[in-house]
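Take a look at the structure below.
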Amino acid sequence: KKVIFLEDDNIVSSQFLEYMNSGLDYYKDNMNILAICGYNPPVEYATKYKNNDHYLSSYFNAWGYATWANRETLEIEKINSQYSELLSNRGLYSKIKRKHPRLIGGLKLINDRKLNAGDYRITFHLIKNDCYVVKPIISYVNNIGHDGSGVHCGKTNKYDNNVINYSLVNFSKNIKYDPSLDLVWRRFMDKKDPIITRVLRRVKVMMKSSS
């Protein structure tokens, strides 16, 4: 009654399965948690967040995640009525626009049958219902599909992670949602970095790999 899901262009750390199984056990009775996600972008967070911390997010990411049958994640991915619901619910539209502006355009593309993106559908569900996914501060997953081979992926090293061995996450029932962490995620995903930044990021990843 639970599953750990990976795409074929995901490279994971040696602790990935332990992290996922621990998260599934720890949050199994918390119905506000829809999934345990393994990916986090290579960004800097406030110093109060340590490498083995985790956080709650309204933004779903499918690059390695775990969930339970009673969360009905796969059923949520099949729904195509989100954009129509937005147009008929002004309060929900404002909520989505405030928390994830780019999502509205994605949902319209789904509605027009120009895009098939389960992560957009699930993120809509999370924001609408004030639910969350769990994410690690330090990623357990690297997605190598951005070499031009991945579906919906361009060619970039922006998302590269060096998935070396880290301490396992210390899960906590007292964790509270911090919207500033989702803002870091959103700014990273929305921003197109200049070439020099992309080169420096690649160098940083290579240096970590050699250390």
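Because the structure is a prediction, the values reported are computed rather than measured. In what follows, every heavy atom counts, from backbone to side chain, and hydrogens, waters and symmetry copies are set aside.
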* Structure fact -> By side chain to side chain donor-acceptor pair (under 3.5 Å), N40 pairs with (sequence neighbours left out) Y45, Y55

* Taking only residues two or more places apart in sequence or in another chain, which ones pass side chain to side chain donor-acceptor pair (under 3.5 Å) with D53? -> none

For a 4.5 angstrom cut-off between non-hydrogen side-chain atoms, does [X] reach [Y]?
X   : Y    : answer
I4  : I36  : no
V3  : T67  : yes
N52 : V169 : no

Taking every non-hydrogen atom, the tightest pair across [X] and [Y]:
X    : Y    : answer
R98  : R186 : O-NH1, 3.5 Å
I110 : A117 : CD1-O, 3.7 Å
C37  : M20  : C-CE, 3.9 Å
G64  : L6   : CA-CD2, 3.7 Å
N111 : N80  : OD1-O, 4.2 Å
Y120 : G106 : CE1-CA, 3.3 Å

Roughly how far, to the nearest 0.5 Å, is the [atom2] atom of [Y] from the [atom1] atom of [X]?
X    : Y    : atom1 : atom2 : answer
N142 : I11  : CG    : CD1   : 7.0 Å
Y132 : S57  : OH    : OG    : 10.0 Å
L115 : K108 : CG    : NZ    : 12.0 Å
N61  : W185 : CG    : CH2   : 4.0 Å
K135 : L56  : NZ    : CG    : 10.5 Å
S139 : N51  : OG    : CG    : 12.0 Å

* Asked: Hey, does the side chain of K50 reach the backbone of T47 with a donor-acceptor pair shorter than 3.5 angstrom?
  -> yes

Show me the donor-acceptor pairs within less than 3.5 Å that the side chains of residues 87-94 make with the rest of the protein, sequence neighbours left out.
unit_1: S88; atom_1: OG; unit_2: S84; atom_2: O; d: 3.3
unit_1: S88; atom_1: OG; unit_2: E85; atom_2: O; d: 3.1
unit_1: N89; atom_1: OD1; unit_2: G91; atom_2: N; d: 3.2
unit_1: N89; atom_1: OD1; unit_2: L92; atom_2: N; d: 3.0
unit_1: S94; atom_1: OG; unit_2: R90; atom_2: O; d: 3.1

* Asked: What residue pairs, at least two apart or across chains, pass salt bridge (Lys or Arg N to Asp or Glu O under 4.0 Å) with a residue in residues 25-35?
  -> K2-D25

* Please collect all salt bridge (Lys or Arg N to Asp or Glu O under 4.0 Å) contacts where either partner lies in residues 56-79, sequence neighbours excluded, each pair once. => E75-K78

Can you list the residues that meet the side chain to side chain contact (heavy atoms under 4.5 Å, CB included) rule with [X], with sequence neighbours excluded?
X    : result
H100 : Y59, R102, L103, T123, I127
D178 : K48, Y49, S180, L181
N70  : M31, W68
K1   : A69

* Is a salt bridge present between K99 and D130, judged by a nitrogen-to-oxygen distance below 4.0 Å? -> no

* Structure fact -> Joining Ile, Leu, Val, Met, Phe, Trp and Tyr whenever any side-chain heavy atoms lie under 4.5 Å apart, the cluster holding I79 also takes in none

* Structure fact -> Joining Ile, Leu, Val, Met, Phe, Trp and Tyr whenever any side-chain heavy atoms lie under 4.5 Å apart, the cluster holding L74 also takes in F5, L34, F60, Y65, I76, I122, L126, V133

* Residue pairs passing the ring pair (Phe, Tyr, Trp, His ring centres under 6.0 Å) test where at least one lies in residues 10-44, sequence neighbours excluded -> Y19-Y140, Y19-F171, Y26-F171, Y27-F171, Y39-W63

* Under 3.5 Å, is there a donor-acceptor pair between the Y177 and D182 side chains? -> yes

